[in-house]
Chemist: 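Can you read through this structure? Questions will come right after.
In the text below, chain A, chain B and the rest are named by the order of the sequence lines, each starting its count at 1. These values consider heavy atoms only, across backbone and side chains, with no hydrogens, waters or symmetry-generated copies. Since this is a predicted model, take the numbers as computed values, not measurements.
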Amino acid sequence: MIKQVLIDALAKAAQQAHAANALTYETLPEFTVERPANAAFGDFSANLAMVLASAAKRPPRQVAQALLEHLSLPDDLLERVEIAGPGFINLYLKPVWLHEVVQEIHRQGEAYGRSQRGQGKKVLAEFVSANPNGPLSIPHGRGAIIGDVLCSVLAAAGFAVSREFYVNDAATSSQMVRFGESLVVRYLQEFGKEIEFPEDGYHGEYVIDFARRIKARDGDRYLQMPAADRLELFTNMGKDAMIEWQREVLANFGVEFDTWFRESALFKNNEVQKGIDALAERGETYQSEGATWLASTKYGDDKDRPLVRTNGKPTYLASDVAYHRNKFERGFDILIDIWGPDHHGYIARTKASMAALGYDPERVHILIYQVVRLMRNGEFVMGGKRKGDIILLSELIEQVGKDAARFFFLLRSSDSDLNFDLDLAVQESPDNPVYYVQYAHARIASILRTAEEKGVALPEIGEVDLSPLGEEAEISLIRRLAEFPEEIITAAELYEPHRMPRYAQDLAREFHVFYDRCPVLKEGVDPHVRDARLMLVRAAKITLRNVLTLIGVSAPERM
RNA sequence: GCGCCCAUAGCUCAGAGGAUAGAGCAGCUGCCUUCUAAGCAGUUGGUCGCAGGUUCGAUUCCUGCUGGGCGCGCCA
């Protein structure tokens, strides 16, 4: 990558200036080489002189001067260098670097954008993790897409990624029992039994539907069963059905998990108790008021937390300790948990519990995404579960389609609330960002199709002279293409998948401008220009398709 | 009361400590006998919530306020 070449050259210049006693500093500070906002400031701009100024005890511009005297870059790459503003080193490159970008994209094809930054480090991302007693909701959709695309981005940046869904199916949990009871009552009601439905039961239609399916399949055979056995059986049947339902909806949404990890397995293998014991052995727990507590305040939590209740049952935290410990024991270097906003209070205790077990809490990254609001006709919908007018994730996907749903869920930073405009998502207009981006791809495909129809041969990349590419629209398009690998690395390192749709929009915009200004196949275009532009158009197609694939959105050939 | 997130153009939001703070929408004005007008161009619009601090440099980092969203169980 060109940027790395420049960074290395500047670092070397600093070392040589230092060796020649032209510059003093202890260690070379972090510095950046960036594409400046204003094109007049060159192709790239470095802040090295400014960050070096205080150590060198000289004004930034003088430091820059000293650096330039020792800077060496190939003549066929570097056009000129300028010191500007408070001490920026602005590098103006010859167009050949841009032509090399186009060639590189052709050579790499589907691999363009990928890098080895992650060095194969093993990452486990856990997300969605809905309870197996109901349908997936809109917030689950946001978590699903953030997790799925973050994983794709990490994989592209050279990490070894696993996607995991944690199933909160502990049989002892009161919510699972309540769910099982609700299902039993609905089943009995199907046979005309007049049983009152429990106030704190699961009122949703889906429970009734499933009870009917059990009746249709198995008839009345559960009517005479001992109540305790029946409850356990129905709880399990209901759980399996819910998991399967959730799995299907997510698969329809393009989200597939490598593993579905069950909380119940932690109990089955006694790992919950082992986790508690491990903490006790390390002296991190104590007994008080009949409960067992984790001394999480030692590791930055604001209170100590109960691990085992007065009634002897472990808390949710106890399973979570066992679960995270299990993840580390499976050999993952980095753990990522993606949680909804209602879980923010659990960050400190989760990290504290891992620290108490001797794991570096820095290896656990917990991402909290903020609330989603659906809007229709300019008004908020989804009044709440009680009213029953809640929109399910499956319904949303049906209404707006997978592409729009994925793109919209990813459009905002996880830290921001998300207002999901249902009307806009289905609009076939340029206001709709997903159409805007897909349309750019379709336009490219159309050009290539037309070339074929006209009998214009598509030459091999190595055979084409790219030097005719020099117009402003061409240059800024190539620059944008060149940024793609870095953009993926940034998104991966900051855990910010929302950078991908944003990049896609920026790239689409550059292409539309190019399309408007630079005819490819029209009458009167010089064949050399035409061929060079064809190569650029193909490079844009490759890159656009690659970013859309990362987001999980289709790249249509026609619209 | 405590915690998390947010506060940037009329609206929805970007902006990893850098130069003149950006995009889309909305408003106004133009561009299709020419590769897809689902597009492009021009133009209007800002005390980056307020007050301090750190820094050569703060929309960005820190502290304190103000306003809004969400949450705060030996529930999961």
Chemist: For the P atoms, the ones on B/rC11 and on B/rG49, what distance do you get once it is rounded to whole angstrom?
Modeler: 14 Å
Chemist: Rounding to an integer number of Å, can you tell me how far A/E34 CD sits from B/rG15 P?
Modeler: 14 Å
Chemist: Would you tell me if any nitrogen or oxygen in the side chain of A/Y436 comes within less than 4.0 Å of OP1 or OP2 on B/rC40?
Modeler: yes
Chemist: Can you tell me which nucleotide in B/rG71, B/rU20, B/rG69 comes closest to the side chain of A/V371?
Modeler: B/rG69
Chemist: Could you work out which one of B/rC74, B/rA76, B/rA37 sits closest to the side chain of A/N168?
Modeler: B/rA76
Chemist: For a quick check, tell me whether the side chain of A/N90 and the base of B/rA19 share a donor-acceptor pair closer than 3.5 Å.
Modeler: yes
Chemist: Answer yes or no for A/R142 and A/F409: cation-pi contact, defined as NZ/CZ to six-membered ring centre under 6.0 Å and angle to ring axis within 45°.
Modeler: no
Chemist: When you get a sec, tell me which of B/rG69, B/rG71, B/rA14 is the closest nucleotide to the side chain of A/S413?
Modeler: B/rA14
Chemist: When you check the phosphate oxygens OP1 and OP2 of B/rA37, does a side-chain N or O of A/R443 lie under 4.0 Å from one of them?
Modeler: yes
Chemist: Just verifying a value: how many Å separate A/R406 CZ and A/S554 OG, rounded to the nearest 0.5 Å?
Modeler: 11.0 Å
Chemist: How far, in whole Å, is B/rA9 from B/rC2 if one measures between their P atoms?
Modeler: 30 Å
Chemist: Expressed as a whole number of angstroms, how long is the span from A/K541:NZ to B/rC35:C1'?
Modeler: 14 Å
Chemist: Would you mind pulling out the nucleotide paired to B/rG52, Watson-Crick or G-U wobble, both distances under 3.5 Å?
Modeler: B/rC62
Chemist: With a cut-off of less than 4.0 Å, is there a side-chain N or O of A/S416 near OP1 or OP2 of B/rA14?
Modeler: yes
Chemist: What I'd like to find out is whether the side chain of A/L396 reaches to under 4.5 Å of the side chain of A/I138, using heavy atoms alone.
Modeler: yes
Chemist: Which of the following nucleotides, B/rA23, B/rG18, B/rU12, is nearest to the side chain of A/P86?
Modeler: B/rG18
Chemist: Across all strands shown, which nucleotide pairs with B/rA21 by Watson-Crick or G-U wobble geometry, both distances under 3.5 Å?
Modeler: none
Chemist: Only pairs with both distances under 3.5 Å count, Watson-Crick or wobble alike; so what is the partner of B/rC35 in this structure?
Modeler: none
Chemist: OP1, OP2 of B/rG15 versus side-chain N and O of A/H498: anything below 4.0 Å?
Modeler: yes
Chemist: Taking any strand in view, what nucleotide pairs with B/rA76 in a Watson-Crick or G-U wobble way, both distances under 3.5 Å?
Modeler: none
Chemist: Measuring only the P atom in each nucleotide, how far is B/rC48 from B/rU33? A whole number of Å is fine.
Modeler: 46 Å
Chemist: Ignoring backbone atoms, test whether A/N419 places a side-chain nitrogen or oxygen under 4.0 Å from the OP1 or OP2 oxygen of B/rC13.
Modeler: yes
Chemist: In terms of the nearest nucleotide of RNA chain B, which residue is placed more toward the 5' end: A/A46 or A/I447?
Modeler: A/A46
Chemist: Mind telling me whether A/Y202 and A/F179 have parallel, tilted or perpendicular rings, with 30° and 60° as the class edges?
Modeler: perpendicular
Chemist: Taking atom C1' in both B/rA23 and B/rU47, compute the distance separating them and give it to the nearest angstrom.
Modeler: 23 Å
Chemist: Is the phosphate of B/rA76 approached by A/R309 (side-chain N or O, under 4.0 Å from OP1 or OP2)?
Modeler: yes
Chemist: Under 5.5 Å centre to centre and under 30° between planes: does that hold for A/F88 and the six-membered base ring of B/rA19?
Modeler: yes
Chemist: If the C1' atom of B/rC62 is compared with that of B/rU44, how far apart are they to the nearest Å?
Modeler: 38 Å
Chemist: Which nucleotide in the list B/rC35, B/rC5, B/rA38 gets nearest to the side chain of A/Y435?
Modeler: B/rA38
Chemist: Can you check whether A/Y166 and A/Y323 have ring centres sitting under 6.0 Å from each other?
Modeler: yes
Chemist: What distance separates A/Y435 OH from A/L424 CG, expressed to the nearest 0.5 Å?
Modeler: 10.5 Å
Chemist: Can you tell me the pairing partner of B/rG67 across any strand shown, Watson-Crick or G-U wobble, with both distances under 3.5 angstrom?
Modeler: B/rC6
Chemist: Whether the side chain of A/Y515 and the base of B/rA37 hold a donor-acceptor pair under 3.5 Å is what I'd like checked.
Modeler: no
Chemist: Measure from CG on A/D516 to P on B/rC40 and round the result to the nearest Å.
Modeler: 8 Å
Chemist: On a whole-Å scale, what distance lies between the P atoms belonging to B/rA19 and B/rU59?
Modeler: 10 Å
Chemist: Starting the side chain at C-beta, find the nucleotide from B/rC13, B/rA37, B/rC70 nearest to A/R412.
Modeler: B/rC13
Chemist: Would you mind calling B/rC70 syn or anti? Take O4'-C1'-N9-C4 for purines or O4'-C1'-N1-C2 for pyrimidines, and syn is within 90° of 0.
Modeler: anti
Chemist: Under 3.5 Å, is there any donor-acceptor pair linking the side chain of A/T315 to the base of B/rC74?
Modeler: no
Chemist: Measure from the side-chain heavy atoms of A/R509 and tell me the nearest of B/rC40, B/rC56, B/rA23.
Modeler: B/rA23
Chemist: Compare the minimum distances between each of B/rA16, B/rA76, B/rA19 and the side chain of A/T490, then state the nucleotide with the smallest one.
Modeler: B/rA16
Chemist: Map A/S45 and A/A445 onto RNA chain B by nearest heavy atom, then report which one ends up closer to the 5' terminus.
Modeler: A/S45
Chemist: Side chain of A/Y316 only, heavy atoms from C-beta on: which candidate in B/rA76, B/rC70, B/rG69 is closest?
Modeler: B/rA76
Chemist: State plainly whether the residues A/R305 and A/D301 are in salt-bridge range, i.e. N to O under 4.0 Å.
Modeler: yes
Chemist: Could you let me know what B/rA16 is paired to, Watson-Crick or G-U wobble, both distances under 3.5 Å, or none if it's on its own?
Modeler: none
Chemist: Write down the partner of B/rA26 under the Watson-Crick or G-U wobble criteria, each distance required to be under 3.5 Å.
Modeler: none
Chemist: Just so I know, are the side chains of A/R558 and A/R449 near enough to count as touching, which here means a heavy-atom distance under 4.5 Å?
Modeler: yes
